[in-house]
Amino acid sequence: MDTSEVMQWLERQGTRRNVEGMARYGIKAKRAFGVPMGTLLSLRKRLGQDHALSLALWETGWYEARLLAALVGDPERVTRRQMNAWAAGFENWADCDTVCFKLFDRTPFAWEKARQWPASRHELVKRGGFVLMACLALHDKTAPDESFVALLPIIEKGAHDERNFVKKGVSWGLRAIGRRNLALNAAALEVAKRLALSEEGACRWVGKDALRELLSPKVRAQLARRAGHPKPRRGSSPAPRRRPSKRAKR
C-alpha cells in the first residue's frame with residue numbers, strides 16, 4: 001500500500017464516536033479519523049517496516065497516520081533531525097508517547113534525546129525526554145545502572161514543572177527506572193522521598209505518585225523475584241521436622 005491507499009483505508013476505518021472518545025482521554029488533534037490502536041496494529045502487520053512510508057505518513061499531519069508512522073518506521077534509519085522535527089510536531093500526549101515507545105527509544109540517539117529534551121520549553125518535547133527515559137528503562141536490557149542513575153538529577157529538576165503532561169512524564173520516568181531492579185529502586189526512592197517532602201505542589205505530586213508505586217507489594221515482589229528471591233507460595237509452610245525414632249535414639 002502506498003501513502004494514498006493507507007490514508008483511504010484509515011478514513012474507512014474511522015468513526016466519529018472514536019474521535020469524540022479521544023477528547024475524554026485528553027487527546028486533542030487537529031485532524032483525526034477515529035481509528036483505534038488495535039486496528040492500526042493490525043495494519044502494521046500487513047505493511048511491515050517501511051521507513052519511506054513512515055516519513056510520508058507523518059507529513060500528512062493526521063493523528064492516526066502519525067501513530068502508524070511510528071509503527072512502521074525503521075529505528076536504524078531515524079536521524080537526529082527527524083527526531084527533533086517530529087518532537088516539535090507533537091500534538092498531544094498520545095502521539096508523543098507512541099512515537100517514543102514504538103520507534104525513538106530504539107534509535108541510536110535515544111539516550112542523547114532523553115538527556116536533551118527535558119531542557120526544552122515546549123511541553124510535549126519536554127515530556128518526550130522523560131517518556132524516553134521510561135521507555136529505555138523498559139526496553140534497553142543491556143544498559144548499566146549507572147546510565148539510569150545519571151538521569152535521576154534531570155528527573156528531579158523536571159519535577160518542578162507544574163504542566164500536567166510534563167509532570168506525568170517525569171513521574172513515569174522515575175517509576176520506570178525504579179522498577180528496573182532493586183538497586184535502581186533504592187536510588188529512585190531517595191529522589192521520590194525528597195520530592196514528596198517538597199513545598200512545591202508539582203514536586204510533591206511526582207514524589208507521592210512514585211512512592212505509591214515503587215513501595216507497593218506488587219512491585220516489591222517483582223523486584224525480589226528478579227533478584228533471585230522467590231516469593232513463597234500462598235499457604236505453603238516449611239515441612240515439619242521428623243522426630244527421630246526410638247530406635248534411632250538408641
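Note that the coordinates shown come from a computational prediction; the quantities given were computed from them, not determined experimentally. When reading the values below, keep in mind they use all heavy atoms of this one structure, side chains included, and skip hydrogens, waters and symmetry mates.
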Do [X] and [Y] sit in one hydrophobic cluster, given that two such residues count as connected whenever their side-chain heavy atoms are within less than 4.5 Å of each other, even indirectly?
| X | Y | answer |
| --- | --- | --- |
| Val35 | Met22 | yes |
| Val72 | Phe104 | yes |
| Trp172 | Val125 | no |
| Ile27 | Leu68 | yes |
| Trp58 | Met37 | yes |

Any salt bridge (charged side-chain N to carboxylate O under 4.0 Å, His left out) involving residues 5-24? Give me the pairs, sequence neighbours left out, ordered by first then second residue.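 Not a single pair qualifies under salt bridge (charged side-chain N to carboxylate O under 4.0 Å, His left out).
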
Between Glu200 and His160, is there a side-chain heavy-atom distance shorter than 4.5 Å?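 Yes, their side chains come closer than 4.5 Å.
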
In the structure I gave you, are the side-chain heavy atoms of Trp62 and Met7 within less than 4.5 Å of one another anywhere?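 Yes - at least one pair of side-chain heavy atoms lies under 4.5 Å apart.
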
Please answer whether the main-chain N or O of [Y] pairs with a side-chain N or O of [X] as donor and acceptor at a distance below 3.5 Å.
| X | Y | answer |
| --- | --- | --- |
| Glu213 | Arg175 | no |
| Arg66 | Glu59 | no |
| Glu123 | Arg163 | no |
| Arg106 | Pro75 | no |
| Lys218 | Leu215 | no |
| Glu64 | Phe33 | yes |
| Arg204 | Glu199 | yes |
| His51 | Gly73 | no |

If I take atom [atom1] from residue [X] and atom [atom2] from residue [Y], how far apart are they, to the nearest 0.5 angstrom?
| X | Y | atom1 | atom2 | answer |
| --- | --- | --- | --- | --- |
| Leu55 | Thr60 | CG | OG1 | 11.5 Å |
| Arg180 | Leu138 | CZ | CG | 8.5 Å |
| Leu67 | Leu57 | CG | CG | 10.5 Å |
| Cys203 | Arg194 | SG | CZ | 11.0 Å |
| Leu103 | Asp74 | CG | CG | 8.5 Å |
| Gln8 | Thr3 | CD | OG1 | 11.0 Å |

Closest non-hydrogen atom pair between Gly178 and Leu223, with its separation: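 For Gly178 versus Leu223, the nearest heavy atoms are O-CD1, 3.9 Å.
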
CA sep, side-chain torsions, deciding dist, call: Thr107, Glu76, side-chain contact (heavy atoms from CB on, under 4.5 Å): CA-CA 6 Å; Thr107 68; Glu76 293 301 320; over 6 Å; no

Which residues pass the ring pair (Phe, Tyr, Trp, His ring centres under 6.0 Å) test with Phe109, sequence neighbours left out?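 None.
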
Please identify each residue that fulfils ring pair (Phe, Tyr, Trp, His ring centres under 6.0 Å) with His139, with sequence neighbours left out.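 Result, ring pair (Phe, Tyr, Trp, His ring centres under 6.0 Å) vs His139: Phe101.
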
side-chain contact (heavy atoms from CB on, under 4.5 Å), that's the test. Do Val219 and Arg179 meet it? Break it down for me. CA-CA 7 Å; Val219 170; Arg179 293 187 65 153; 3.7 Å; yes

Can you give each donor-acceptor pair under 3.5 Å made by side-chain atoms of residues 83-100, sequence neighbours left out, with the distance rounded to 0.1 Å?
from, atom 1, to, atom 2, distance (Å)
Asn84, OD1, Lys113, NZ, 3.3
Asn84, OD1, Trp117, NE1, 3.1
Asn84, ND2, Arg80, O, 3.4
Glu91, OE2, Lys30, N, 3.2
Asn92, OD1, Ala94, N, 3.1
Asn92, OD1, Asp95, N, 2.8
Asn92, ND2, Lys28, O, 3.0
Trp93, NE1, Tyr25, O, 2.9
Asp95, OD1, Glu91, N, 3.4
Asp95, OD1, Asn92, N, 3.3
Asp95, OD2, Glu91, N, 2.9
Asp97, OD1, Arg127, NE, 3.0
Asp97, OD1, Arg127, NH2, 3.3
Asp97, OD2, Arg127, NH2, 2.7
Thr98, OG1, Ala94, O, 2.8

With a 3.5 Å cut-off and sequence neighbours excluded, list the donor-acceptor pairs that the side chains of residues 39-46 form with protein atoms.
from, atom 1, to, atom 2, distance (Å)
Ser42, OG, Thr39, O, 2.6
Arg44, NE, Leu71, O, 2.9

Are there more than 12 heavy atoms of other residues, nucleotides or ligands under 6.0 Å from atom CD of Glu162?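 Not more than 12 within 6.0 Å, no.
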
With a cut-off of 6.0 Å (strictly less than), are more than 12 heavy atoms of other residues, nucleotides or ligands near NZ of Lys167?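 Enclosed: over 12 neighbouring heavy atoms sit under 6.0 Å from NZ of Lys167.
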
State whether a side-chain donor-acceptor pair under 3.5 Å links Arg220 with Asn185.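 A donor-acceptor contact under 3.5 Å links the two side chains.
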
Clusters formed by hydrophobic residues whose side-chain heavy atoms approach within less than 4.5 Å: which one holds Leu174, and what are its other members?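 Joined to Leu174, directly or through intermediates: Trp111, Phe130, Met133, Leu136, Phe148, Val149, Leu151, Leu152, Ile154, Ile155, Val166, Val170, Ile177, Leu184, Val191, Leu195, Trp205, Val206.
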
Tell me, with the steps shown, if Asp140 and Thr142 meet side chain to side chain donor-acceptor pair (under 3.5 Å). CA-CA 6 Å; Asp140 192 341; Thr142 62; 3.2 Å; yes

